[in-house]
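Comments concern the structure below.
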Amino acid sequence: MQSAIALIFWIAIGLTMYVAFATPCLLLAFSRLRRRFHIRETSGNGTDSDLPTVSVILPAIGGDKYLLDRLHNLLESDFPFDRLEIVVACNRQDELIGDLVATVNDSRVHAVYCDSTQNYVEMVHAALSESRHDVLFFTDCHVRFNRETIRRVAA
């Protein structure tokens, strides 16, 4: 019995020492490796014509109350106007979403209607069949991008 308690004690001491000393040393080593093999970010020297075309797929289920805010957030992106499209997928029975998309009044935004009711996968497939661009972003109404997010990821 005493040997089992001693074993548990030494295992606990070993794990504590690992967390206290080995983890910071490993993190320091990885940070030095990261600096050594630095991944260069793309600079802003490229022109807008060097950027790929981007389709943002936005499935909207159940008349999401955040849809307009999300659309405005995407449209405020610093990505070139002619290289971005936003495809909002919704079901045919949800007329509210189609009306909301129409109020945005931007040629980059269009709604795609799916026959299924509340089926996320079928809505995404419908949006994919209508998207025309090279790079696809999948997002939903609860996510916000910074102005430069689409440009940085697409570059």
Side-chain angles (χ1 to χ4, degrees), residues 15-16 18-155:
L15 289 174
T16 303
Y18 174 78
V19 169
F21 298 108
T23 303
C25 292
L26 287 173
L27 290 174
L28 180 65
F30 285 135
S31 70
R32 288 188 178 164
L33 281 174
R34 184 172 176 233
R35 277 188 229 128
R36 188 171 193 185
F37 299 105
H38 180 68
I39 298 172
R40 288 175 279 147
E41 289 188 28
T42 57
S43 63
N45 298 340
T47 63
D48 287 349
S49 62
D50 294 338
L51 293 170
T53 55
V54 172
S55 293
V56 178
I57 308 297
L58 181 63
I61 295 178
D64 202 308
K65 62 183 178 180
Y66 302 107
L67 178 64
L68 278 180
D69 289 337
R70 183 65 178 129
L71 288 174
H72 289 297
N73 172 251
L74 289 168
L75 292 172
E76 290 170 355
S77 170
D78 68 349
F79 204 74
F81 184 88
D82 61 332
R83 297 191 163 277
L84 178 69
E85 79 169 337
I86 301 167
V87 182
V88 179
C90 56
N91 61 31
R92 290 197 189 281
Q93 296 155 347
D94 198 351
E95 296 174 8
L96 174 65
I97 292 177
D99 293 342
L100 287 174
V101 171
T103 62
V104 173
N105 198 20
D106 192 303
S107 62
R108 297 175 289 178
V109 180
H110 63 277
V112 173
Y113 296 97
C114 179
D115 292 325
S116 175
T117 59
Q118 306 291 328
N119 189 331
Y120 184 85
V121 174
E122 289 183 24
M123 293 170 80
V124 169
H125 281 283
L128 285 173
S129 67
E130 294 292 321
S131 64
R132 304 179 303 253
H133 294 322
D134 301 327
V135 177
L136 299 173
F137 277 81
F138 293 90
T139 186
D140 65 18
C141 294
H142 303 286
V143 178
R144 296 288 176 267
F145 289 164
N146 293 330
R147 268 189 109 247
E148 68 278 351
T149 299
I150 296 174
R151 178 182 291 271
R152 291 182 76 186
V153 173

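Residue numbers run from 1 in the order of the sequence given.
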Quiz prompt | R152 charged N/C atom sitting above F79 aromatic ring, 6.0 Å / 45° | solution = no
Practice problem: State the NE2-CG distance between H142 and D69, to the nearest 0.5 angstrom. | Solution: 11.5 Å
Quiz item: Are L128 and V124 side-chain neighbours, meaning at least one heavy-atom pair lies under 4.5 Å?
Solution: yes
Quiz item: What are the two closest non-hydrogen atoms of A127 and V112, and how far apart are they?
Solution: N-CG1, 4.1 Å
Quiz item: What is the minimum heavy-atom distance between V101 and A111, and which atoms define it?
Solution: CG1-N, 3.9 Å
Quiz prompt | Side chain proximity check, H133 to P52, heavy atoms < 4.5 angstrom | solution = no
Quiz prompt | Donor-acceptor under 3.5 Å (R83 side chain, L51 main chain) | solution = yes
Quiz prompt | Nearest-0.5 Å distance, CZ of residue F137 to OG of residue S55 | solution = 10.5 Å
Practice problem: Taking the side chain as every heavy atom from C-beta outward, state whether F138 and P59 have any pair of such atoms under 4.5 Å apart. | Solution: no
Practice problem: Check whether the side chains of R132 and T53 place a donor and an acceptor atom closer than 3.5 Å, and report yes or no. | Solution: no
Self-check item: With R108 via side-chain hydrogen bond (donor to acceptor under 3.5 Å, both in side chains) - residues at least two apart
Solution: D106
Practice problem: To the nearest 0.5 Å, tell me how far I150 CD1 sits from S77 OG. | Solution: 4.0 Å
Exercise. Using a strict 4.0 Å threshold on nitrogen-to-oxygen distance, state whether E76 and R147 make a salt bridge.
Key: no
Quiz item: Just how far is it from atom CG of L74 to atom CD1 of I86, taken to the nearest 0.5 Å?
Solution: 4.5 Å
Quiz item: Does D140 offer a backbone N or O that forms a donor-acceptor pair with the side chain of R70 under 3.5 Å?
Solution: yes
Self-check item: T103 side chain near L68 side chain, heavy-atom distance below 4.5 Å
Solution: yes
Practice problem: Working to the nearest 0.5 Å, report the span between CE of M123 and CD1 of I57. | Solution: 11.5 Å
Practice problem: Begin with the C-alpha distance, continue with both residues' side-chain angles, and end with the deciding distance and a verdict on side chain to side chain contact (heavy atoms under 4.5 Å, CB included) for V87 and V56. | Solution: CA-CA 6 Å; V87 182; V56 178; over 6 Å; no
Self-check item: Trace of the side chain to side chain contact (heavy atoms under 4.5 Å, CB included) decision for L67 with L71
Solution: CA-CA 6 Å; L67 178 64; L71 288 174; 4.1 Å; yes
Quiz prompt | Point-to-point distance, once rounded to the nearest 0.5 Å, from CZ of F21 to OG1 of T16 | solution = 10.0 Å
Practice problem: Evaluate the side-chain proximity of P80 to R151: yes if any heavy-atom separation is below 4.5 Å, no if none is. | Solution: yes
